[in-house]
S.K.: 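Encoded as structure tokens, here's the structure I'll be asking about.
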Protein chains: 2
Amino acid sequence: MNPSPLPFEPDHNHDRCISEALEQARHLCRERRQRLTPIRELVLRLIWQSHQPLGAYELLPALAEAGFNSAPPTVYRALEFLQSQGLVHRIASLNAFIGCPHPEQSHQGCFLICRSCKSTLELESQPIQQAIRSSAGSLGFTIEQETVEIVGLCPNCQTRPQRDPQ
Amino acid sequence: MNPSPLPFEPDHNHDRCISEALEQARHLCRERRQRLTPIRELVLRLIWQSHQPLGAYELLPALAEAGFNSAPPTVYRALEFLQSQGLVHRIASLNAFIGCPHPEQSHQGCFLICRSCKSTLELESQPIQQAIRSSAGSLGFTIEQETVEIVGLCPNCQTRPQRDPQ
DNA sequence: AATATTTTGTTATAGTGTAACGCAATCTTT
DNA sequence: AAAGATTGCGTTACACTATAACAAAATATT
Ligand SMILES: [Zn+2]
Ligand SMILES: [Zn+2]
Ligand SMILES: [Zn+2]
Ligand SMILES: [Zn+2]
């Protein structure tokens, strides 16, 4: 067990990922006077079940099991709220959602997505950010939102292609 | 009229963009022994009507007008072919498609998308590519496909926000 | 407690994309 | 040129993703 979740390590302490993410979500929402309702918290917990982006419709059965209404608007509303608080990011190229490991300040994610095991890692890459800002700036373009999603093979899947880390 | 299409210039010679794109498409397909059928060429021409990404369903009426079948599979097949030949890129964050200005060799596009006028510019930014490769490489991640889509305001729309270049 | 605001339930529908199958057109081989 | 193989297209149906609109319930505010 690693003390902190390492990128693409299938045997990291993921229970800790979950509990930390939930704890931080509760803390941030309290601080911001936003309501982390049972549905919202459940959706966040479900998304954090793995490091693989989850589609909105994959959440519905679990919501139903938990006794909630399970129509699309329910889950999309929860996802919208979580996104607005920076707790969740949407992966445009997958139509899916993933928990943000550092939601304390709003930011643009940069994602490495493994084609094989689907594990997805959010980067904070200064060089990438800088290069984008520089390219856009030199053309007089003002950046408002960035989508950077890199698909490929994670280290595990290059050697053990069939492995499926959470 | 500019001799070559400048980024975010609404009054560039766009007829030339179109004719060059079509000419190059014909040339590349001939060279690769791929069939640029009437439907495929029409879809490419429609996409090149502007520098604004076009949704698949926006193409259907024009296909119908031209006397072709206008069911979704028709246009999606054409788009799939054009993408396979690098003649068109898909913008994941918009669910839309745009013509590629330099399809002669396969590449990963990086797109600047104006939120106001929707004009979209494809960049070939070595620094961005390099930064992405470096970040991924240091984590042992092998890149297969990149999605880099930057939304913001182009120079025109920062000063004349309501303008709508082609 | 009364009122306003926010959240959720519910139904319906819009928007995006694909499966599957048969026919037609084109290419390849004889 | 004829026969067979391959590719592209027409057609229908459907899957997946997301939102509009309005009523009911829960919560916050006065
Ligand atoms: Zn984890
Ligand atoms: Zn994040
Ligand atoms: Zn042009
Ligand atoms: Zn391109």
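All heavy atoms count here, side chains included; hydrogens, waters and symmetry mates do not. In what follows, chains carry the letters A, B, and so on, assigned in the order in which the sequence lines appear, proteins first and then strands, with residues in each chain numbered from 1.
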S.K.: Suppose the criterion is ring-ring contact (aromatic ring centres under 6.0 Å, His included): which pairs have a residue in residues 17-43 of chain B, not counting sequence neighbours?
M.R.: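 Listed once each, the pairs would be none.
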S.K.: What string of B, S and - do you get for nucleotides 6-19 of chain C 5' to 3' if you count protein non-hydrogen atoms under 4.0 Å?
M.R.: SSBBBB----BBBB
S.K.: 5' to 3' on DNA chain D, which nucleotides open and close the contacts with chain B (atom under 4.0 Å from a heavy atom)?
M.R.: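 The footprint of chain B covers D:dG8 to D:dT12.
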S.K.: Side-chain donor-acceptor pair under 3.5 Å between B:His89 and B:Glu122, yes or no?
M.R.: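 There is such a pair between these side chains.
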S.K.: Report all side-chain donor-acceptor pairs from residues 139-148 of chain B shorter than 3.5 Å, counting only partners two or more places apart or in another chain.
M.R.:
residue: B:Thr142; atom: OG1; partner: A:Gln158; partner atom: OE1; Å: 3.1
residue: B:Thr142; atom: OG1; partner: A:Gln158; partner atom: NE2; Å: 2.8
residue: B:Glu144; atom: OE1; partner: A:Arg115; partner atom: NE; Å: 2.6
residue: B:Glu144; atom: OE2; partner: A:Arg115; partner atom: NE; Å: 3.3
residue: B:Glu144; atom: OE2; partner: A:Arg115; partner atom: NH2; Å: 2.8
residue: B:Gln145; atom: NE2; partner: B:Thr147; partner atom: OG1; Å: 3.2
residue: B:Glu146; atom: OE1; partner: B:Gln129; partner atom: NE2; Å: 3.1

S.K.: Could you tabulate the donor-acceptor pairs under 3.5 Å formed by side-chain atoms of residues 73-88 of chain A, not counting sequence neighbours?
M.R.:
residue: A:Thr74; atom: OG1; partner: A:Asn69; partner atom: ND2; Å: 3.0
residue: A:Ser84; atom: OG; partner: A:Phe81; partner atom: O; Å: 2.6
residue: A:Gln85; atom: OE1; partner: A:Arg32; partner atom: NH1; Å: 3.1

S.K.: Considering residues at least two apart in sequence or located in another chain, which fulfil the salt bridge (Lys or Arg N to Asp or Glu O under 4.0 Å) criterion with A:Glu23?
M.R.: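 For A:Glu23, the residues satisfying salt bridge (Lys or Arg N to Asp or Glu O under 4.0 Å) (neighbours in sequence not counted) are A:Arg26.
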S.K.: Excluding sequence neighbours, so at least two apart, what forms side-chain contact (heavy atoms from CB on, under 4.5 Å) with B:Pro127?
M.R.: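 With sequence neighbours excluded, B:Pro127 shows a side-chain contact (heavy atoms from CB on, under 4.5 Å) to A:Ala131, B:Ser125, given in chain and number order.
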S.K.: What bend angle does the helix from C:dA1-D:dT30 to C:dT30-D:dA1 show across its length, from five-pair end axes and to the nearest 10 degrees?
M.R.: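 If I round to tens, the end axes sit 30° apart.
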S.K.: Which ILVMFWY residues are connected to A:Ile113, directly or by a chain of links, through side-chain heavy atoms under 4.5 Å apart?
M.R.: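 Noted: A:Ile113 shares its cluster with A:Ile91, A:Leu94, A:Ile98, A:Phe111, A:Val151.
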S.K.: What pairs with A:Arg45 under salt bridge (Lys or Arg N to Asp or Glu O under 4.0 Å), at least two apart in sequence or on another chain?
M.R.: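 Expected list: A:Glu41.
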S.K.: Suppose we screen for side-chain contact (heavy atoms from CB on, under 4.5 Å). Which residues come up paired with A:Gln24, at least two apart in sequence or across chains?
M.R.: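 Partners of A:Gln24 by the side-chain contact (heavy atoms from CB on, under 4.5 Å) criterion, ordered by chain and then number, come out as A:Leu28, A:Pro103, A:Glu104.
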S.K.: Applying salt bridge (Lys or Arg N to Asp or Glu O under 4.0 Å), name anything that partners B:Glu65, two or more places apart in sequence or on another chain.
M.R.: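 Counting only residues at least two positions away or on another chain, B:Glu65 forms no salt bridge (Lys or Arg N to Asp or Glu O under 4.0 Å).
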